[in-house]
Amino acid sequence: MQKKFNVVALFLGLLAGGLATWFQPYREIFFWGMDYRLVMVLAVLVFSFLFKLVFRHETVKVASFIGSGAVIALIFRIMYDVFRDFTAHFEWPMEITLFALLAFASSFVGTYLGELINWSKKAGTK
């Protein structure tokens, strides 16, 4: 049962990272009028918050799997772009580091907000 939650959390991270990176044209920062990293941060924050709120799974694992999924989606996009054009993504280590910091920070914020809501519901029933 635990593996099922981990796979779902990883898939949600892949979805959040995929929304931000795969539909964005190459060499453009803005996506839907916003920076693509902001789109990813908002998607990861919402997905991790809702996952924690609904399933009440372990907080650190939820944040780790959702953040990892977003970073994996970016790595797949970088590999795809480099396959198409070898001169693309010369600064990929910095790109992945920045993306990972944003993804993990927003996923931890989302899961701890979900944990706070669950805690306040529990405290209100006593």
Side-chain angles (χ1 to χ4, degrees):
M1 189 71 167
Q2 178 145 347
K3 287 184 181 182
K4 179 182 174 184
F5 287 115
N6 295 344
V7 170
V8 171
L10 187 66
F11 176 74
L12 286 175
L14 284 169
L15 184 64
L19 282 174
T21 58
W22 281 94
F23 297 112
Q24 172 206 1
Y26 179 62
R27 296 190 192 264
E28 288 186 25
I29 292 177
F30 293 103
F31 175 67
W32 289 340
M34 294 187 294
D35 189 335
Y36 75 97
R37 292 169 292 231
L38 181 62
V39 172
M40 182 273 306
V41 164
L42 292 175
V44 165
L45 184 83
V46 168
F47 287 162
S48 60
F49 172 73
L50 292 176
F51 189 86
K52 181 63 181 174
L53 198 65
V54 172
F55 294 115
R56 297 179 183 184
H57 200 56
E58 295 176 38
T59 305
V60 174
K61 281 191 177 183
V62 169
S64 298
F65 277 98
I66 291 179
S68 297
V71 173
I72 290 170
L74 174 73
I75 291 171
F76 284 155
R77 174 61 193 251
I78 289 172
M79 289 171 43
Y80 173 77
D81 287 341
V82 168
F83 180 74
R84 289 185 63 211
D85 179 17
F86 187 73
T87 62
H89 297 281
F90 278 121
E91 299 172 345
W92 63 268
M94 265 183 13
E95 203 172 339
I96 292 173
T97 303
L98 175 65
F99 204 82
L101 287 172
L102 292 172
F104 284 110
S106 60
S107 66
F108 274 99
V109 167
T111 53
Y112 279 110
L113 283 175
E115 180 72 26
L116 182 65
I117 298 293
N118 286 336
W119 177 76
S120 66
K121 283 181 185 177
K122 228 186 268 185
T125 59
K126 290 184 178 182

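Start at 1 with the first residue, then count along the sequence. The shown structure was predicted, so the numbers you read here are calculated from the model rather than taken from an experiment.
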Test log, rule side chain to side chain contact (heavy atoms under 4.5 Å, CB included), inputs His57 and Asn6: CA-CA 9 Å; His57 200 56; Asn6 295 344; 3.6 Å; yes
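The list of salt bridge (Lys or Arg N to Asp or Glu O under 4.0 Å) pairs with a residue in residues 37-48, not counting sequence neighbours, reads Asp35-Arg37. Under the salt bridge (Lys or Arg N to Asp or Glu O under 4.0 Å) criterion, no residue pair touches residues 7-19, with sequence neighbours excluded.
Residues Ser106 and Leu45 approach most closely at O-CD1, 3.3 Å, considering heavy atoms. When all heavy atoms of Val62 and Ser48 are compared, the closest pair comes out as CG1-O, 4.4 Å.
Remark: Ile117 pairs with Phe49, Leu53, Lys121 by the side chain to side chain contact (heavy atoms under 4.5 Å, CB included) rule, at least two apart or across chains. Listed by chain and number, the residues in a ring pair (Phe, Tyr, Trp, His ring centres under 6.0 Å) with Phe51 are Phe55 (sequence neighbours excluded). For Thr59, the side-chain hydrogen bond (donor to acceptor under 3.5 Å, both in side chains) criterion is met by Lys52, Glu115, not counting sequence neighbours. With sequence neighbours excluded, the residues that form a ring pair (Phe, Tyr, Trp, His ring centres under 6.0 Å) with Trp22 are Tyr80.
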Please output the side-chain donor-acceptor pairs of residues 64-74 that fall under 3.5 Å, not counting sequence neighbours, one pair per line with the distance.
| residue | atom | partner | partner atom | Å |
| --- | --- | --- | --- | --- |
| Ser64 | OG | Val60 | O | 2.8 |
| Ser68 | OG | Ser64 | O | 2.7 |

Got a list of side-chain donor-acceptor pairs under 3.5 Å for residues 93-104, not counting sequence neighbours?
| residue | atom | partner | partner atom | Å |
| --- | --- | --- | --- | --- |
| Glu95 | OE1 | His89 | ND1 | 2.9 |
| Glu95 | OE2 | His89 | ND1 | 3.3 |
| Thr97 | OG1 | Pro93 | O | 2.7 |

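Grouping the Ile, Leu, Val, Met, Phe, Trp and Tyr side chains by contacts below 4.5 angstrom, directly or via other members, places Val44 with Val8. A continuous path of hydrophobic side-chain contacts links Phe5 to Phe47 [ILVMFWY only; heavy atoms under 4.5 Å]. Linking Ile, Leu, Val, Met, Phe, Trp and Tyr whenever their side-chain heavy atoms come within less than 4.5 Å puts Leu12 and Val54 in one cluster. Linking Ile, Leu, Val, Met, Phe, Trp and Tyr whenever their side-chain heavy atoms come within less than 4.5 Å puts Leu50 and Val109 in one cluster. Trp92 and Tyr36 fall within a single hydrophobic cluster, where Ile, Leu, Val, Met, Phe, Trp and Tyr side chains are chained together by heavy-atom contacts under 4.5 Å.
Here Phe11 contributes atom CZ and Leu15 contributes atom CG; the two are 5.5 Å apart, rounded to the nearest 0.5 Å.
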